[in-house]
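The figures that follow rest on heavy atoms only: side chains count, while hydrogens, waters and symmetry mates do not.
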Amino acid sequence: MEYQFTNDKPIYLQLMEVFKVAIVSGELPKGERLESVRDLAVVAKVNPNTMQKALAELERIGLVRTERTSGRFITDDEELILSMKKELAEKEIKAFLEKMKKMGLSKDTVIKMISEL
């Protein structure tokens with residue numbers, strides 16, 4: 001996973017986005033055990049508390065689960081993963097369309113341009 005942080009939102013939210021993309025893309029496969037919070041924090045070059053907060057939020061939404069004494073694992077819930085994939089795609093599409101709108105292009109024009117590619 002690649003970490004590139006910006007100053008426009010909290011680091012833990014950016015970490016969550018990195019993990020979400022890695023999960024829905026299969027980079028982090030269903031059921032895979034995650035490294036420890038400390039190890040993940042070292043790789044991402046963030047404070048362990050920040051990584052812990054991101055993982056706790058991912059657990060709250062169900063993408064990660066904790067098994068006592070075994071660690072954290074990526075969910076096995078295929079429906080949840082597909083739902084998250086759709087949610088992330090819609091977010092990106094809306095942001096793209098908003099940029100195109102600012103350039104003076106209508107949604108129909110953009111769709112036509114994409115279909116011609």
Taking all non-hydrogen atoms of both residues into account, name the closest pair between [X] and [Y] and its distance.
{"X": "Phe5", "Y": "Gln14", "result": "CA-OE1, 3.2 Å"}
{"X": "Ala41", "Y": "Pro48", "result": "CB-CA, 3.7 Å"}
{"X": "Ala44", "Y": "Met51", "result": "CB-CE, 3.8 Å"}

Looking at [X] and [Y], would you say the former's side chain and the latter's main chain have a donor-acceptor pair under 3.5 Å?
{"X": "Glu57", "Y": "Leu13", "value": "no"}
{"X": "Arg33", "Y": "Ser70", "value": "yes"}
{"X": "Arg65", "Y": "Ile74", "value": "yes"}

Practice item. Report the C-alpha distance between Met84 and Ile61 in whole Å, list the side-chain angles of each, state the deciding distance to 0.1 Å, and finish with yes or no for side chain to side chain contact (heavy atoms under 4.5 Å, CB included). Key: CA-CA 10 Å; Met84 183 59 58; Ile61 62 175; 4.1 Å; yes
Exercise for review: Any pair with a residue in residues 1-12 that passes salt bridge (Lys or Arg N to Asp or Glu O under 4.0 Å), sequence neighbours left out, goes on the list, sorted by first then second residue, please.
Suggested key: Lys9-Glu17
How far does [atom1] of [X] sit from [atom2] of [Y], to the nearest 0.5 angstrom?
{"X": "Asp76", "Y": "Ile81", "atom1": "CG", "atom2": "CD1", "result": "7.5 Å"}
{"X": "Tyr12", "Y": "Leu58", "atom1": "OH", "atom2": "CG", "result": "11.0 Å"}
{"X": "Ile11", "Y": "Lys45", "atom1": "CD1", "atom2": "NZ", "result": "13.0 Å"}

Practice item. Under the side chain to side chain donor-acceptor pair (under 3.5 Å) rule, what do Asn47 and Thr50 come out as? Steps first, then yes or no, please. Key: CA-CA 5 Å; Asn47 185 295; Thr50 303; 4.7 Å; no
Can I get a per-line list of side-chain donor-acceptor pairs under 3.5 Å for residues 19-31, giving both atom names and the distance, sequence neighbours left out?
residue : atom : partner : partner atom : Å
Ser25   : OG   : Val21   : O            : 2.9
Ser25   : OG   : Ala22   : O            : 3.2
Ser25   : OG   : Glu27   : N            : 3.3
Glu27   : OE2  : Met1    : N            : 3.0
Lys30   : NZ   : Glu78   : OE1          : 2.9

Point to revise | Single-linkage hydrophobic cluster Phe73~Leu80, side-chain heavy atoms < 4.5 angstrom | key: no
**Study point:** Pairwise side-chain contact, Tyr3 with Leu15, heavy-atom cut-off 4.5 Å (strictly under)
**Key:** yes
Point to revise | Close side-chain approach of Val43 to Leu40, heavy-atom, < 4.5 Å | key: no
Side-chain donor-acceptor contacts of residues 97-113 below 3.5 Å, not counting sequence neighbours, with atom names and distances?
residue : atom : partner : partner atom : Å
Ser106  : OG   : Thr109  : N            : 3.1
Ser106  : OG   : Thr109  : OG1          : 2.8

Check your understanding: Are Glu90 and Lys86 close enough, and set up right, to give a salt bridge (charged side-chain N to carboxylate O under 4.0 Å, His left out), and what steps lead you there?
Key -> CA-CA 6 Å; Glu90 287 174 354; Lys86 182 180 178 193; 3.7 Å; yes
